[in-house]
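First comes the structure, then the notes that go with it.
The first residue of the sequence shown is numbered 1, and numbering continues consecutively from there. Start at 1 and go down the list; that is how both ligands and their atoms are numbered. Only heavy atoms go into these numbers, but all of them, side chains included; no hydrogens, no water, no symmetry mates.
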Amino acid sequence: MEYELKVLKINDNKIKQLNELSLYTVKDLILHYPYRYEEMLETPLHDETKVIIEGKLIDEPKVFFKGRLSRLTFHIDYHGETLTITLFNRHFLKKNMHVGMKLTIVGKYNEARKSITASEVKLKGLEEISGITPVYSLKEGLTQKNFQGYVNKALSFYKGHIGNSIPDYLCQKYHLVDRQEALFKVHQPQTRSDVISALRYLKYEEFFKFQMTMQYIKQNRTQNIGISKLIDKEQINKFIQKLPFQLTEDQQKVVDDILIDLSSQKLMYRFVQGDVGSGKTVVAAISLYANYLAGYQGAMMAPTEILALQHYQSLKKLFKKTKVNIALLTGHLSLKEKNEIYQQLEQGKIDIIVGTHALFQDKVQYNQLGLVITDEQHRFGVEQRKALKNKGNKVDFLVMTATPIPRTLAISLYGDMDVSTIKTMPNGRKKVITRFVKGISMKPILKDLKDYLASGGQCYVVCPLVSESEAIEGRNASDISKAMASYFKGQYEVGLVHGQMNDEEKNQVMDAFKENKIQVLVSTTVIEVGVDVSNANMMVIYNAERFGLSQLHQLRGRVGRSKEQGYCYLLSQANNSEQKERLEFLENHHDGFEVSEYDLKIRGPGDLLGQKQSGVPTFMIGDIFKDYHILEITRKDAYEALNQHQDDEKIQKMLVEIKNNLTKNNAYID
Ligand code: ADP
Ligand code: MG
């Protein structure tokens, strides 16, 4: 049962403010956990640091006024030593102070003067002060005290009705408190250990539910019998041998995994992660080819038109010597062209279709769809993937992403899929030379840029903004492109591409860049994923501090994609040491897995995975990095629960809830 906040007799004005925090029900209040705790613990006396100590008042406090400002001074006995305490603007405390009482002082200690400038004086000894106070993230208008009051009301409202959702055998195994106790302790802790035991339960519960969902989906899927495709090993090997390069060890391994999946009765649901430039496209091509040889159509879906076009071109090249009929379906084809493609798809004349979400409109019908590949999956809506998959009843599914994360974490997070990883880079690939340049001016690198252009190369210039913004500071692509165009006038062509242009315009510029009609391409992050122009091996990124590390790594992955040396300049004013450290990290690290791990550590998973799009839930309380071991344990426990404890009442209840949620959110493909 959900109860609205009204039942707690909170006034309408405050309810509005709570709504702004997306809190609408009593349950929402209880699930709005503190984001940190404040604790009063005695500290030693260190010069010029914040200290918390207890002492005995040894004289009458004195009050001085200066205008409306006041100063209260008194002395305390601290382990036999006399300390002078000064407190501003709280003279009213004097009336409740009497010689001999215990006081708790918070403030800055000065060794030479034996004095403390206090920020807080409590008229109690340390042990009487309740140890630990939750701190919530709130918006204007709500105080911590308000909020604590509401949460207390909410907890009393539900008291006695909060049941456990974790089965007893697991609670016993891990010595978990029960759910009600956890919720009370997370909001009303008496001690630090209350907080710890509450968080242990809540994190376990959150991850366990997540893993149960993953396992449930996976088990249901394996019950989905797919088509055992006939794999023409000979033809496939011939195709691989004719490639202009030799597959890397990891590429070959992933191809083997995929071929086994395709030939098996089970539906494939595989997640391939590989660093930028690791060569995922050719893996996709081989999979599509195997699927084609088995007699099925394949679809490859990209998140943008630019990428779709590029995949189409790469695949076309790779399939040149085969009979594969490959087509591109994009939004800007004429109606006539589109209709032709629809018809040919339905008749089975097209073997492989490449496109964006245009691939799964209702109008598009396939003759024998057997394999769907999505590239850069985390940018695709789950809905869209589902729609495409519904185009065929037994379609194998391959998901590719260039945001690599540590393999074990991937398995935990994408627990409903099989995970393959491409770690090795193609032979002869050089590390992109990355330099952090302080400032936001091109001057320090202008000579490098000019030399590079003079040698016949092309350059990307990336800006955080499209056009000038009052709200956000940073270089914008429009102004930079104008400035560069006038600087290089008569010498080099400068192009501009950004997300506010329509696809037609974008494609035109990209094509011109590919054909080297444009030498300097100024852009926003639209070129972030996938774009592959082998003659462009220099990149300048303005305001690099404004991007996530994984994003910067993606960006620089656009250069140095062949045997050529790539260069990436990170221009940044980076005025704090954390920003500087991050950029310097990129100077010295070139492995996407390391970069993502570092990013994960300092920024959390949100930025990394683009969670909202990826279908990976945002965890409310668990931290996939810090609490990684819980994530792992719950994966095993969920597996066991589903296989050995199906009859447990709580497991059954949880499964009902999971099924309902999945149906309600239409959230996963099964
Ligand atoms: P990504 O994994 O970033 O999508 P691509 O598939 O676009 O990477 O490959 C990047 C470049 O590397 C392409 O130009 C491709 O032709 C080349 N490539 C892929 N595999 C190999 C290999 N085994 N050896 C040499 N070059 C390769
Ligand atoms: Mg790619």
With heavy atoms of [X] as the reference, note each atom of ligand 1 found under 4.0 Å away.
X: Q246; result: 22 (C), 23 (N), 24 (N)
X: T248; result: 23 (N)
X: T281; result: 4 (O), 5 (P), 6 (O), 7 (O)

Specify side chain, backbone, both or neither for M400, according to which of its non-hydrogen atoms lie closer than 4.0 Å to ligand 1.
neither
If you measure from each non-hydrogen atom of N427 to ligand 1, which part falls under 4.0 Å: side chain, backbone, both or neither?
neither
R556 versus L586: any side-chain heavy-atom pair under 4.5 Å?
yes
Closest heavy-atom approach to atom 5 (P) of ligand 1 among Q252, K563, H311, R561 is made by R561
Non-hydrogen atoms of L359 and Y366 that approach each other most closely:
O-OH, 3.2 Å
Within the supplied structure, the quantity of interest is the number of heavy atoms (other residues, nucleotides, ligands) at a distance under 6.0 Å from E249 CD; does it exceed 12?
no
Using the side-chain contact (heavy atoms from CB on, under 4.5 Å) definition, which of the options L345, L329, N367, V324 pairs with I350?
L345
The residue among V595, I541, V462 that forms side-chain contact (heavy atoms from CB on, under 4.5 Å) with L552 is I541
Parallel, tilted or perpendicular, as decided by the 30° and 60° cut-offs, for the rings of Y492 and F488:
perpendicular
Ligand 1 N/O within reach of G277 N/O, cut-off under 3.5 Å
yes
Closer than 4.0 angstrom: is that true for some heavy atom of V276 and an atom of ligand 1?
yes
